[in-house]
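Notes follow the structure.
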Amino acid sequence: MAAPGPERGLTRAGRRNRRRPPGPANLGRLLGMADPQETLSRRVQSALAAAFGAEFAETDPVIRPSQFADFQSNAALALAKRLRRKPREVASEIAAHLEADDVVGGVEVSGPGFVNLTLRDDWIARETRDLLADPRLGVPEPPRQNIPLDYSAPNVAKEMHVGHLRTTVVGDALARTLEFLGHNVIRQNHIGDWGTPFGMLIEHLLDVGEDSAEAGLLESDPNAFYQAARAKFDSSEEFADRSRRRVVALQGGDPATLALWHELVDLSKVYFNRVYGKLDVTLTDDHLAGESTYNDDLAPICAELEERGIARISDGALCVFLDGFTGREGKPVPLIVRKSDGGYGYGTTDLATIRHRAQRLKADRILYVIGAPQHLHLQMVFETAREAGWLPEGVTPVHVQIGNVLGADGKILRTRSGESIRLMALLDEAVERAAKVVAETRPDLDEAARAEIARDVGIGAVKYADLSVSHDSEYVFDFDRMLALSGNTGPYLQYAVARIRSIFRRGGLSPDEAAGAVVLTGEAERTLALTLLGFGPVVAQVGETLEPHRLCGYLFGLAQAFTAFYEQCPVLKAEDPAVRESRLALTAATLRVLVQGLALLGVRAPERM
RNA sequence: GCGCCCGUAGCUCAGUGGAUAGAGCACCGGACUUCUAAUCCGACGGUCGCAGGUUCGAAUCCUGCCGGGCGCGCCA
């Protein structure tokens with residue numbers, strides 16, 4: 001899949017934005033000129049200033065989508081009290097002072113003081129054509145930020161489970177979206193590649209041999225390898241002793257042990273990359289920044305925290321106690337930075353990590369796409385870093401909380417026998433189920449084409465299911481629902497794309513050729529055009545709120561608007577050539593927005609279905 | 001016990017302090033000589049957990065209660 005946008009161009013524009021505040025020339029780009037809500041906001045603000053004085057020029061005009069018009073301004077209701085006038089009177093004043101004849105066709109004061117605004121068809125039409133001509137499809141470029149983005153983070157020699165799947169998919173969608181907005185996203189795959197289990201894993205690797213079939217499990221079924229090691233550790237005193245000694249050697253930097261450790265990590269990388277490849281996410285080895293990366297920082301961090309009195313010894317462990325963090329029986333909860341045996345846990349690593357991201361990577365925002373249960377821990381890490389002065393003013397770490405994935409029984413997804421589900425098997429099943437449907441519906445296509453469709457649809461369905469519900473809520477994993485071709489699903493959107501492409505194939509046209517003027521002859525066209533103008537705003541919003549499900553909701557609405565258009569408005573068979581050109585333009589714009597939107601989510605749109 | 005998250009239609013989920021709370025699924029009734037009918041249209045379906053409060057206006061903000069999930073010292 002093509003990278004979302006011409007990165008080099010974005011980089012230059014981004015630097016420009018960063019250096020100086022936006023002038024009038026790029027203000028439109030920044031706000032998104034095609035955004036009707038933004039356009040109306042500015043017009044109504046001017047009306048407020050004209051009607052009530054310059055001090056009201058900054059008042060929020062409260063423009064919202066309306067069920068009685070395209071948009072409505074709710075400003076009058078709130079202003080009434082401040083102005084000591086009746087809300088309807090205030091609304092009338094706003095309407096009277098509104099200078100927007102080029103944009104707005106209908107202004108109406110309604111209800112207790114709403115100002116209903118209906119956009120002009122020719123304005124919508126012109127903006128839609130501009131959107132089609134815009135490589136960015138109306139997506140604004142906010143000031144460029146450096147954004148380290150922590151996601152996926154599987155463990156070496158362990159199976160990735162559905163929880164990893166979700167942080168991987170959501171994180172990747174955020175990475176793509178933020179990059180398209182022009183930000184400098186620094187992917188950080190904080191893999192679990194250090195800690196006490198590695199003694200046992202290394203000894204097991206030595207026992208079975210690096211080139212053995214057993215070692216090969218690390219690439220295919222890592223849990224099997226892990227559990228074999230674990231079983232030996234639990235049953236053999238001799239093996240457990242060796243394992244403990246091996247941990248000491250590892251932490252002491254023994255070269256032979258480090259070589260074995262590297263071997264383990266490399267075998268695991270093969271597994272990670274197989275999953276990432278199958279899942280079509282953008283992570284590569286270049287983004288690996290595992291726990292081991294920070295080994296050299298851990299002792300100095302502890303020393304600094306202790307010297308400065310931020311951490312103190314408690315029960316033999318070096319701990320940070322923060323105000324407001326209390327646990328059972330009101331006892332303060334510590335962030336342990338050095339265990340009583342002298343070792344370091346993930347608290348220390350996470351502190352080293354955030355310091356690195358803030359200072360070395362010069363982060364403007366630091367994003368952690370991590371499971372919701374880790375919230376308390378992360379808050380303590382953030383707070384400690386803040387107290388230690390490692391986070392510059394204005395740099396905010398954000399925990400993008402990922403809710404658990406549940407089975408049909410409402411409990412954490414597991415197999416019937418209670419084991420965690422193998423991710424590869426799960427993805428394979430999604431593709432198989434999709435393949436079954438494709439075999440029935442498209443017997444005309446050859447085997448290879450069907451396989452490709454099944455892969456795009458199966459994987460897309462799983463990813464879209466992860467993305468389409470708010471990231472912090474738990475959701476119930478259900479193959480039947482996510483693979484359905486109706487409803488807010490990946491396949492539904494892919495199908496809409498496939499039908500559009502079919503129109504152009506039938507017509508012997510390339511979507512790039514469709515650039516005619518847009519004329520709106522009916523409600524379906526109007527709704528579709530207006531919906532298209534919402535793409536930029538929603539992408540900008542996702543970049544701020546970090547909620548990909550809003551983009552999903554938007555794309556679903558767009559696909560529905562297109563479907564209504566498709567039912568009611570013949571494109572190729574339109575009799576009037578101007579109408580045909582216009583509908584081709586609308587169809588091409590829909591295609592581009594759907595494909596771009598799905599690309600931002602990391603979902604492929606197959607040529608045909 | 002303390003903290004975080006959640007409670008919206010039978011089910012799965014949206015919902016930016018604004019008018020009569022929305023989708024999808026399921027169920028029921030319709031629509032293919034048509035650019036892909038795997039798509040569409042209609043109908044049905046609600047005490048927004050409960051009770052107060054703030055507000056001209058609350059699913060949304062505040063407080064309390066009920067119910068559920070998760071976390072709370074040396075795993076990560």
Side-chain angles (χ1 to χ4, degrees), chain A residues 37 62-68 72 74 77-78 80-81 86-87 110-114 116 153 155 158 192 194-197 291 314-319 324-341 343-347 349-350 371-377 379 401 403-404 406 410-412 437-438 440-442 468-470 472-476 478 480-481 483-489 491-492 495-496 498-507 541 545 549-550 552-553 556-557 559-560 562-564 566-574 583 587 608-609:
Chain A
Q37 201 163 338
V62 201
I63 306 291
R64 299 284 183 270
S66 174
Q67 46 187 316
F68 302 104
Q72 62 186 46
N74 303 329
L77 296 150
K81 181 167 273 184
K86 290 178 181 163
S110 159
F114 302 109
N116 293 345
N155 291 314
K158 270 200 186 166
W194 203 253
T196 45
E291 295 172 333
S314 168
D315 291 343
L318 186 63
C319 303
F325 292 90
T326 51
R328 286 197 186 85
E329 295 142 33
K331 273 164 68 176
V333 178
L335 181 71
I336 295 174
V337 293
R338 193 179 59 222
K339 298 186 285 182
S340 53
D341 67 1
Y344 305 103
Y346 75 145
T349 321
D350 286 343
Q374 304 249 19
H375 190 64
L376 177 65
H377 168 73
Q379 290 310 310
Q401 302 192 50
N404 287 323
L406 310 177
K411 296 191 172 142
I412 305 272
V437 179
V438 178
E440 278 174 28
T441 56
R442 297 304 302 260
S468 58
V469 295
S470 41
D472 57 345
S473 69
E474 299 185 328
Y475 90 98
V476 178
D478 181 341
D480 290 332
R481 205 169 48 239
L483 282 162
L485 272 108
S486 51
N488 188 7
T489 67
Y492 178 82
Y495 190 63
R499 289 166 87 185
I500 293 176
R501 286 180 165 148
S502 174
I503 292 176
F504 285 103
R505 260 198 311 276
R506 283 269 173 154
Q541 186 187 25
T545 66
H549 78 279
R550 293 184 184 277
C552 295
F556 178 53
Q560 284 182 310
F562 176 77
T563 301
Y566 184 89
E567 298 279 324
Q568 294 168 35
C569 306
V571 177
L572 296 173
K573 292 173 189 165
R583 288 180 180 170
T587 304
R608 53 189 99 211
M609 276 174 74

[X], nearest nucleotide to its side chain (from [options]):
| X | options | answer |
| --- | --- | --- |
| A/Lys573 | B/rG71, B/rC74, B/rC35 | B/rC35 |
| A/Arg328 | B/rG18, B/rA38, B/rC72 | B/rC72 |
| A/Pro373 | B/rC70, B/rA14, B/rC35 | B/rC70 |
| A/Gln37 | B/rC35, B/rG73, B/rU16 | B/rU16 |
| A/Tyr492 | B/rA14, B/rC40, B/rG71 | B/rC40 |
| A/Tyr566 | B/rU36, B/rG18, B/rC74 | B/rU36 |

Return yes if the base of [N] and the side-chain atoms of [X] contain a donor-acceptor N/O pair under 3.5 Å, otherwise no.
| X | N | result |
| --- | --- | --- |
| A/Ser314 | B/rG73 | yes |
| A/Tyr495 | B/rU36 | yes |
| A/Ser110 | B/rA19 | yes |
| A/Asn116 | B/rA19 | yes |
| A/Gln72 | B/rA19 | yes |

Does [X] reach a base, just sugar-phosphate, or nothing at all? Heavy atoms under 4.0 Å.
| X | answer |
| --- | --- |
| A/Ser502 | base |
| A/Ala80 | nothing |
| A/Gly192 | nothing |
| A/Tyr475 | sugar-phosphate |
| A/His549 | sugar-phosphate |
| A/Val476 | sugar-phosphate |
| A/Pro112 | nothing |
| A/Val437 | base |
| A/Ala317 | base |
| A/Thr563 | sugar-phosphate |
| A/Cys569 | base |
| A/Phe562 | nothing |
| A/Gly487 | sugar-phosphate |
| A/Arg481 | sugar-phosphate |

If you look at every heavy atom in [X] and [Y], which pair is closest and at what distance?
| X | Y | result |
| --- | --- | --- |
| A/Lys86 | A/Ala80 | C-CB, 4.3 Å |
| A/Asp315 | A/Ser340 | O-CB, 4.0 Å |
| A/Ala498 | A/Met609 | CB-N, 3.8 Å |

Using Watson-Crick or G-U wobble geometry with both distances under 3.5 Å, which nucleotide pairs with [N]?
| N | value |
| --- | --- |
| B/rA23 | B/rU12 |
| B/rG71 | B/rC2 |
| B/rG17 | none |
| B/rA59 | none |

How long is the span from the CG atom in A/Asn116 to the CD atom in A/Gln67, to the nearest 0.5 Å?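 Rounded to the nearest 0.5 Å, the CG-CD separation comes to 9.5 Å.
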First locate atom CZ of A/Arg608, then atom CZ of A/Arg442, and finally report the distance between them rounded to the nearest 0.5 Å.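 Spacing of CZ (A/Arg608) from CZ (A/Arg442) equals 6.5 Å.
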I'd like the [atom1] distance from [M] over to [N], given in whole Å.
| N | M | atom1 | value |
| --- | --- | --- | --- |
| B/rU8 | B/rG68 | C1' | 15 Å |
| B/rU54 | B/rC61 | C1' | 8 Å |
| B/rG29 | B/rC6 | P | 40 Å |

Ignoring backbone atoms, establish whether A/Ser473 has a side-chain N or O less than 4.0 Å from OP1 or OP2 of B/rC5.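 No, A/Ser473 has no side-chain N/O under 4.0 Å of OP1/OP2 on B/rC5.
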Mind checking whether A/Phe556 and A/Thr489 have side chains closer than 4.5 Å, heavy atoms only?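 No; the side chains remain at least 4.5 Å from each other.
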